[in-house]
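Let me begin by presenting the structure, written as structure tokens, before commenting on it.
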Amino acid sequence: MPKPPHTALVLSAGGVRGAYQVGVLDGLVEVLGLRGAKGPPIFSIFAGTSVGALNAAYLAANAHHADHRVAGLVDVWQRLELRDTLRFTPLSLWGWPFWHLPGRYAKYDSRMSPYVGRSLFDPRPTERLLGRVIAWDRLHANIDASVVRALTIAALDVCDGRTTLFAELAPGVTLRPCHTHRRTLLKPIDAQRVLASSALPLVYPARNIEGRYYMDGAVRFGTPIGPALRAGADRVMVISLLERSPAPVPMDAPDYPGFLFMLGKLCSALLLDPVSHDIDNLLRINEMFEAIDEALGAAEFKAVTERLDAAGDLPYRRVPTLVFRPSEDIAALTADFIRRDLVRSGIGPIRQLLIRGVSRSHIARTTELASILLLDGSLATRLIALGRHDAFAAKDRILEFFG
């Protein structure tokens with residue numbers, strides 16, 4: 001009996017847009033009829049960056065369930081509250097760690113603190129959330145038992161500017177060598193490494209891990225498809241957080257955009273724009289091999305693939321790929337949420353005033369900042385519903401891919 005294929009899940013960066021990933025996965029479980037079922041998990045290889053790393057760690061920790069207990073992750077996202085996820089403290093702007101302050105705080109040593117530098121928001125509520133919802137011992141047990149073949153997450157080493165992949169592998173599994181500027185560290189994945197992968201510059205502080213400083217991996221590596229292939233994936237499912245590209249329409253903007261608009265564009269460029277490039281490269285390679293296969297005989301095609309395989313870092317072959325992209329403009333959806341439902345989020349009036357100020361702009365429809373940073377359960381619920389809708393709309397593709 002042939003072995004089941006190793007299916008990889010690749011999750012990209014995007015802040016609160018990560019709720020869309022959870023919605024797609026929840027719809028996927030419904031389509032495949034695996035809700036509460038027993039048996040092997042849907043995915044055995046996970047690769048994620050930033051918010052994708054958080055979701056990937058949860059799913060790997062629950063891979064002893066066929067459905068990865070996705071319903072539990074849905075509940076986590078729906079319960080998020082802005083007053084916790086975007087908690088402001090003057091200490092964060094003063095700079096981590098607290099040894100910058102006089103008196104009794106002087107005992108803190110920067111080398112002992114997990115936080116580095118200044119940030120807008122306090123990371124500790126998110127830290128406590130990860131401690132509650134991710135069973136780290138169970139994650140390691142799933143990898144040790146080969147239920148999970150590999151978990152890789154990407155971060156950026158602030159010290160030398162190199163993308164660093166933290167990878168935890170099942171016994172006997174190796175990552176195919178990669179001759180790039182990226183560094184791979186085979187280390188158990190823990191909360192500190194996941195939080196380092198999602199430490200967006202200036203929003204959350206960088207992380208001190210074993211004397212080196214790391215921040216959001218999406219700055220250089222937003223969609224880690226390569227590590228999934230290096231871990232032996234036979235097929236790949238990618239959930240992008242960048243909408244399907246519409247036909248370009250000139251935008252009427254008589255005034256030069258303000259700071260928040262430009263900051264949103266910067267975040268989008270760092271977290272979202274590289275996603276399409278990585279996915280399109282994989283799809284083009286698949287199309288190329290399909291054309292070569294049609295043009296050559298079996299023996300010639302095998303010779304070509306073996307020659308390319310020997311010369312490259314990754315196995316050059318056709319990789320069945322299932323890609324999801326949001327079918328709606330998430331920035332527009334977020335602007336609608338701000339106008340209609342922000343008051344229900346339970347945040348204070350000052351924060352509401354600031355957020356509403358962004359939404360009143362005549363170019364708010366294209367402002368990405370709020371669609372990344374507004375980690376609120378009500379907004380997440382909308383994005384989860386969108387993800388489920390897109391999964392149900394792709395039912396035939398899902399059944400063909402997993403058939």
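Note: hydrogens, waters and symmetry copies are ignored here, and every other heavy atom, side chains too, is used.
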- Item | Partners meeting side chain to side chain donor-acceptor pair (under 3.5 Å) with N55 (sequence neighbours left out) | Q21, W77
- Message: With no hydrogens and no angle check, just 3.5 Å: does a side-chain donor-acceptor pair link N142 and R138?
- Response: yes
- By side chain to side chain donor-acceptor pair (under 3.5 Å), which residues pair with D336, not counting sequence neighbours? R340, R382
- Message: Going by ring-ring contact (aromatic ring centres under 6.0 Å, His included), name the residues that satisfy it together with Y204, two or more places apart in sequence or in a different chain.
- Response: none
- Task: Among residues two or more places apart or on two chains, list those pairs meeting ring pair (Phe, Tyr, Trp, His ring centres under 6.0 Å) that have a residue in residues 381-403.
- Result: none
- Using the test side-chain contact (heavy atoms from CB on, under 4.5 Å), find all partners of A60 that sit at least two apart in sequence or belong to another chain. F46, L139, V148, L151
- Message: Looking at R207 and D216, is there a salt bridge between them, counting it only when a charged N and a carboxylate O are closer than 4.0 Å?
- Response: no
- Taking only residues two or more places apart in sequence or in another chain, which ones pass side chain to side chain donor-acceptor pair (under 3.5 Å) with D190? R193
- Item | For H140, side chain to side chain donor-acceptor pair (under 3.5 Å) partners two or more places apart | E168
- Message: Among residues at least two apart in sequence or on other chains, which ones pass side-chain contact (heavy atoms from CB on, under 4.5 Å) with A167?
- Response: T152, L169, L175, T184, L186
- Query: Which residues satisfy the side-chain contact (heavy atoms from CB on, under 4.5 Å) test with P125, sequence neighbours excluded?
  - Reply: D84, R87, D122, R128
- Under the ring-ring contact (aromatic ring centres under 6.0 Å, His included) test, which residues partner Y58, sequence neighbours left out? none
- Return the set of residues passing salt bridge (Lys or Arg N to Asp or Glu O under 4.0 Å) with R79 (not counting sequence neighbours), or none when no residue passes. D75
- Query: Partners of S146 by side-chain contact (heavy atoms from CB on, under 4.5 Å), sequence neighbours excluded?
  - Reply: A170, P171
- Side chains of T7 and R235: do they bring a donor and an acceptor to under 3.5 Å? yes
- S240 versus R325, side-chain donor and acceptor atoms under 3.5 Å: no
